Amino acid sequence: MDPGSILEPLNPAQRQAVSAPKRPVLVLAGAGSGKTRVLVHRVAWLISAEGIAPQSILAVTFTNKAAAEMRTRIETLIQMPTRNLWIGTFHGLAHRLLRIHWREAGLQEGFQILDSEDQQRMLRRVIKNVGVDENEYPPREVQWFINAQKDEGLRPDHIDDEGNVGRRQMIKVYAAYEDACNKAGVIDFGELLLRAHELLRDNADILGHYQRRFSHLLVDEFQDTNTIQYAWLRLLAGDSSLPFVVGDDDQSIYRWRGARVENLLRFQHHFPAVELIRLEQNYRSTANILQAANAVIANNSGRLGKELWTEGPKGDPIRVYAAFNERDEAEFVVNRTSDWAEQGNKRSEVAVLYRSNAQSRVFEEALMNARMPYRVYGGLRFFERAEIKDALAYLRLVANRNDDPSFERVVNTPTRGIGARTVDVIRQQARAAGTSLWRAAGAVVADDVLAKRARNAVWAFLDLLEKLDRDIANLALHEQVDHVVRVSGLIEHFRKQKLDRGAVKVENLEELVSAARGFVSDPDSDLPPLVDFLAHAALEAGETQAAAYEDCVQLMTLHSAKGLEFKLVFLCGLEEGLFPHQRSISDPQGLEEERRLCYVGLTRAQHQLYLSYAEQRRLYGKDNYATASRFLRELPAELTEEVRPAIQVSRPVYRHRSLEVGAPDGLDLGRRVRHRKYGEGVVINHEGSGAHARVLVNFETVGTKMLVVAYAKLELM
DNA sequence: CATACAGACATAAAC
DNA sequence: TGTCTGTATG
């Protein structure tokens, strides 16, 4: 294709990036500035204009969705299949390398991938085995610790215990866990990255091969890379490959998951010849929205610096709604969304964004009342559902008998008379002999240490698996899945469960068979399709729920909203303690990340943006009174407009039991008052009557105060 | 072995 | 306050 036409639709900065000469490139891409477009066009440019062979290009992303989108768009652009072009997630690419070089990486040939639930189950067992107190060291926390170490590229013997008993114990569990994984032939997500890094680091010939092969590395969302991912990239780039990385320090919101924004600076340091290009022209939002976002993020320090602008119109002001409580907030959102839909717009163009998942509930209730279809992001994904994981565990055992987590999972599912005691005997045997549970079970059966009934049950289980293995050896993948799901007794097991609950599970199992039927195994891999499929299930857990066909309002956290855009956005719960979240408020770094999260939220909106907060919010069964978020104060006043409910005479009254007594003279709920010392505020509740009457007032500056009416001398406003 | 109940837990979540 | 998990129980 004509190289000129690749550059033609781009703006000058995009063009500069796409056609950059042979130098490392760092693209600072603001929200909505055409980041994916630049990556896609860069690849097309390399192939069409620079004559780079597709197999010399490696492109890395963080999600499968981004990888798939990139590949499709490249193929559309260059009108060519891209078989030899490696595009994938860090984990997917690491997995690919480890499958090819499993021996050099010290892995078993049929190794399986643990997802984070599997990892936690495994850890629970290891913690018991090494005799660490489960209550003092909850598996969740140990898991967090281990993963954090792996993100940093640290093995147990690299970690300093800092003379701290707790750390020493964690390190001990980490080491034992590593051991157990190696024996079982399983590998968690962090381990994929760690091993892939070590593979290259310790095998000069392999490293040399890939360094020569990949003359061009492209990385998306570079601000989200963690330490080990960065190290891996650097190793792979060597001295001769040209890295082209795209990121935005202002949208770095995953520090808690190991992401290191500093990698942007390290990159400039390690590749001094780097060309830094800023994409600041925005194609998504109105000028008002961008100006607001710019103003908020300007409060952060140590930015690389960037200012979004648009050629488009100013647009509407940003509307701020001070809700009375969380139900009022939800009602407001629903009313405005109804108006939006009545004006002939799509509900799917509307997003309700919030800081934490617990906030979704009230919106769901309000939407349900209004009979407005909605979709909540998050929650269990297809391959994470219990019944699916049961089925996968059988398949994994067929592929690898030593897979202990899978053994534990299904040894008595469906129940077949192998109780907790029997499993304990097997576990002890495994620990004593240093073998997998499968081998231990074999030994236990042979040694005749169990009661006859238990022994027969274990025998039957071992037999079942051998039989499954034999049965499916020559079947097509979907027939294998179908066979295992039936013969294992899973289908029958769920069919017997309470009617609709079980029925859904049976349906999901059927769906798994369809997924297997539609699965296209990697044509370059000589592994059995089943092993490919199992890896796919672990690496790509699938969509949250079957995509809603209906035109739905979108509900999601700010984190899940990253990368998306909506015509109408409600950014809700802008209260101190909620957003910014209480747990980040006292830490300057944490606070800056909250601010970036706010920036991400603001920049999701294309045309209209509403910000709301509730003066009173019921959370975990308790009423909380918060002041408006500091982020609201960081918005330039000339861009905003306060919303007052149009037809409302007085503010909505939500009856509390204490309100059955009338309000003390004039001090109705929602009434604005002034106090000599505390300044202005709003009445949000009252108790008692006569001389003892007290009111709860939410003051703008000092928060909420309970005042005795007789003494407070409140002035009505 | 299915159900009931008590107790823990509640920031964000891709691979 | 509501949900989820592990365990007690009939």
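Letters A, B, ... mirror the listed sequences (proteins, then strands); counts begin at 1. Note that the structure is predicted; figures quoted are calculated from it, not measured.
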Readout for nucleotides 5-15 of chain B: B = base within 4.0 Å of protein heavy atom, S = sugar-phosphate only, - = neither; 5' to 3' it is -----BBBBBB
Would you tell me whether A:Asn400 and A:Gln112 have side-chain atoms, one donor and one acceptor, within less than 3.5 Å of each other?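 On atom types as modelled, these side chains do not qualify, holding no pair under 3.5 Å.
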Going by atom types alone, do A:Thr413 and A:Asp390 pair a side-chain donor with an acceptor below 3.5 Å? no
Using the P atoms only, state how far C:dC4 lies from B:dA13, rounded to an integer number of Å. 16 Å
P atom, C:dT5 versus B:dA12: distance in rounded Å? 15 Å
Basic-acidic side-chain contact under 4.0 Å: A:Glu364, A:Arg361: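 Looking at A:Arg361 together with A:Glu364, the answer is no, because their closest N to O distance does not fall below 4.0 Å.
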Using atom types as modelled and distance alone, determine if a side-chain donor or acceptor of A:Asn300 lies under 3.5 Å from a backbone N or O of A:Glu592. yes
Keeping A:Asp118 on the side-chain end and A:Asp115 on the backbone end, is there a donor-acceptor pair under 3.5 Å? yes
Are any protein N/O atoms closer than 3.5 Å to N/O atoms in nucleotides 4-10 of chain C? If there are, list each pair with its distance.
from  : atom 1 : to       : atom 2 : distance (Å)
C:dG6 : OP1    : A:Arg124 : NH1    : 3.1

Which nucleotide, if any, forms a Watson-Crick or G-U wobble pair with C:dG6, using both distances under 3.5 Å?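 When the pairing criteria are applied, B:dC5 turns out to be the nucleotide that pairs with C:dG6.
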Mutual orientation of the aromatic rings belonging to A:Phe579 and A:Phe631 [parallel < 30°, tilted 30-60°, perpendicular > 60°]: perpendicular
Qualifying salt bridge (charged side-chain N to carboxylate O under 4.0 Å, His left out) pairs, either residue in residues 59-69 of chain A, two or more places apart: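 Residue pairs with at least one partner in residues 59-69 of chain A: A:Glu69-A:Arg73.
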Find the distance A:Gln359:CD to C:dT1:P and express it as a whole number of Å. 19 Å
Mind running side-chain hydrogen bond (donor to acceptor under 3.5 Å, both in side chains) on A:Gln251 and A:Gln223 for me, showing each step along the way? CA-CA 8 Å; A:Gln251 292 188 73; A:Gln223 78 285 348; over 6 Å; no
